[in-house]
Amino acid sequence: MGDLARGDFGDDFTWGVAHAAYQVEGAWDADGKGPSIWDTFTHGKGRIRDHSTGDVACDFYHRSAEDTALVRELGFDAQRFSISWPRVLPEGTGRVNAKGLDFYDRVVDECLEAGVEPWVTLYHWDLPEALHQRGGWANRDVVGWFGEYVDVVAERLGDRVQDWMVFNEPCSFLLVGYLAGVHAPGVRSLRKFLAATHHVNLCQSVGASALRARIPDANVGTTHIITPPRTKQDRPKDRKARAAIDAFANRIFIEPNLGLGYPTEAAGLLRGIEKHLKPGDDDALKVDWDFLGVQYYQRQLVKPAPIPGLHAIPWMSKDHRRYEITAMGWEVQPDGLYEALAKVHAYDPDLRLVVTENGAAFPDRLEGGRVHDERRTAFYRAHLAEVRRAQADGIPVDGYFCWSLMDNFEWAEGYVPRFGLTHIDFATQQRTVKDSGRWFQRFLAATATATDAD
Ligand code: IFM
């Protein structure tokens with residue numbers, strides 16, 4: 001790993017950092033913003049590990065210029081951020097909140113002035129509460145609502161933003177929000193999960209078309225978290241278990257937009273999605289992506305389960321003896337990133353891939369103005385080596401985004417896990433670049449042929 005060099009990844013490789021509106025912006029009700037499902041969820045009782053909310057978070061709403069300058073200072077090319085739908089359309093449809101749109105306009109300009117490419121995600125989990133009251137993602141009308149929202153954003157930002165992602169990780173907000181009920185909106189229903197999944201897949205297509213209608217030269221993609229399943233053994237029932245979880249956690253969110261339909265054969269419980277399909281949907285689902293964003297954190301250990309139609313359950317116990325475990329309880333397995341890239345590449349060898357999120361939470365300590373997070377640096381170096389291995393094997397990966405620029409609100413886990421390259425003191429909003437951030441700064445500053453020596 002001592003010989004990792006920026007130049008090896010190619011001159012056109014994009015180095016970026018990522019974050020998301022609800023996790024960093026704060027200003028939850030400022031300047032006309034409407035409530036999102038995450039405002040409702042966190043303001044309710046007992047749902048967040050440390051009883052926190054995103055009301056203030058990193059106060060990015062008021063500190064975006066400073067934070068964008070930091071992105072530049074660390075040497076990154078791009079900042080990936082998301083738009084809060086209820087900041088732009090407080091009721092989800094209809095009335096546009098000019099001040100909300102102005103904020104994103106400003107962030108885009110701050111990026112461009114700093115020489116940082118703005119990469120915009122249209123939906124990173126904060127549905128307007130008003131739309132949830134009307135059925136949210138489980139109501140097919142969301143397809144029209146979403147198209148309207150994307151059009152409003154594209155019209156305003158499309159003259160300056162070229163790189164777009166329609167969704168962030170549908171798997172996460174659908175499985176965890178609509179089936180497990182652990183994330184907003186806290187729904188536990190297989191029927192609603194399947195309906196919402198189909199509607200999100202339709203919205204991928206509607207969103208991509210709305211972007212292209214306004215911005216003919218846009219690079220339009222979306223992002224998927226890829227969680228390769230693994231089992232302790234490789235018996236036929238283990239293979240069946242892996243296939244079932246793969247269908248539930250990965251394939252149903254990717255394949256319909258590639259024209260491959262739903263993988264109902266791998267998990268009988270998925271068959272319920274068919275009743276939400278209308279004539280013409282198979283074609284309506286197809287998207288000709290310019291790139292796909294691959295997000296990787298961990299493999300999922302699963303075991304066969306005698307549940308009719310499911311065949312498998314995620315196995316929450318960890319191989320603590322075999323793998324390093326992060327503060328999220330996730331196993332560190334860098335070669336899983338290679339596996340995730342290879343898996344998506346297998347769908348279409350010509351499709352550009354970008355690692356739009358990768359990173360880890362560790363129990364950082366701020367001491368004497370420094371955070372010595374060598375485990376995070378080692379994590380990044382090991383995962384970057386897997387990106388290089390993928391490139392060397394002909395997988396066209398041309399970007400990598402760290403999750404995240406700074407510590408932020410980690411959903412149901414609150415502020416306990418820290419994923420940032422920058423430490424945030426949430427009481428004072430003081431930013432302190434961690435050693436891992438400084439490692440990236442040196443790595444990115446090195447000339448094309450220099451190698452990373454430390
Ligand atoms: O913080 C999240 C992010 O919002 C989506 N991807 C995974 C990250 C870490 O859990």
Side-chain angles (χ1 to χ4, degrees), residues 16-26 36-39 41-42 47-50 52-54 57-58 60 79-85 119-127 165-177 180 182-185 200 221-228 249-250 253-254 292-300 314 316 325-333 336-337 340 354-364 373 375-376 379-380 383 400-422 424 426 436:
V17 286
H19 50 76
Y22 188 75
Q23 294 180 274
V24 300
E25 285 177 5
S36 78
I37 53 173
W38 272 95
D39 294 313
F41 195 71
T42 55
R47 285 143 156 184
I48 310 300
R49 184 169 156 195
D50 58 1
S52 61
T53 69
C58 308
F60 182 75
Q79 173 166 231
R80 176 178 169 226
F81 59 93
S82 78
I83 309 282
S84 160
W85 184 347
W119 283 52
V120 172
T121 310
L122 287 156
Y123 186 80
H124 198 129
W125 310 0
D126 44 356
L127 186 75
M165 287 138 290
V166 181
F167 279 93
N168 189 73
E169 295 180 3
C171 166
S172 304
F173 73 86
L174 292 166
L175 266 178
V176 189
V182 173
H183 278 189
V200 166
T222 198
T223 77
H224 291 293
I225 188 166
I226 305 294
T227 307
N250 301 311
F253 307 107
I254 305 173
L292 272 183
V294 172
Q295 315 203 153
Y296 171 75
Y297 288 91
Q298 61 167 345
R299 287 199 177 96
Q300 177 73 65
M316 296 318 285
I325 304 292
T326 72
M328 294 292 282
W330 298 344
E331 297 168 354
V332 177
Q333 294 184 45
L337 175 54
V354 176
V355 177
T356 38
E357 277 186 30
N358 179 224
F362 291 112
D364 299 328
D373 58 337
R375 289 176 69 190
R376 183 172 290 104
F379 177 99
Y380 277 120
H383 285 75
Y400 181 93
F401 287 72
C402 301
W403 185 270
S404 178
L405 170 64
M406 51 198 168
D407 297 338
N408 57 49
F409 179 79
E410 179 54 29
W411 308 112
E413 301 298 313
Y415 295 97
V416 179
R418 291 177 174 270
F419 274 90
L421 297 177
T422 305
I424 304 273
F426 290 102
S436 58

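Only this structure's heavy atoms are used, side chains among them; waters, hydrogens and symmetry mates stay out. Whatever order the structure lists them in is the order used to number ligands and atoms, beginning at 1. Counting from 1, the numbers follow the sequence of the chain as shown.
- A salt bridge does not link Glu410 with Arg418: none of the charged nitrogens is closer than 4.0 Å to a carboxylate oxygen.
- Distances below 4.0 Å separate heavy atoms of His124 from the following atoms of ligand 1: 3 (C), 4 (O), 5 (C).
- Between His183 and Phe41, the ring centre distance reaches or exceeds 6.0 Å.
- The protein atom (non-hydrogen) at minimum distance from atom 5 (C) of ligand 1 is Glu357 OE1, 3.3 Å.
- Atom 1 (O) of ligand 1 has as its closest protein heavy atom Glu410 OE1, 2.6 Å.
- Between the side chains of Gln333 and Gln298, no donor N or O sits under 3.5 Å from an acceptor N or O.
- Aromatic pair Trp403/Tyr297: centroids not less than 6.0 angstrom apart.
- The six-membered or imidazole ring of Tyr123 lies near that of Phe173, with a centre-to-centre distance under 6.0 Å.
- Residue contact annotation: Trp330 has a non-hydrogen atom under 4.0 Å from ligand 1.
- Residue Trp125 places no N or O, backbone or side chain, under 3.5 Å from any N or O of ligand 1.
- The shortest N or O to N or O distance between Asn168 and ligand 1 is not below 3.5 Å.
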Start with the C-alpha gap between Arg80 and Thr121, add the side-chain angles, then the distance that decides, and say whether side chain to side chain donor-acceptor pair (under 3.5 Å) holds. CA-CA 7 Å; Arg80 176 178 169 226; Thr121 310; 3.0 Å; yes
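- For the pair Glu413 and ligand 1, no heavy-atom separation below 4.0 Å is found.
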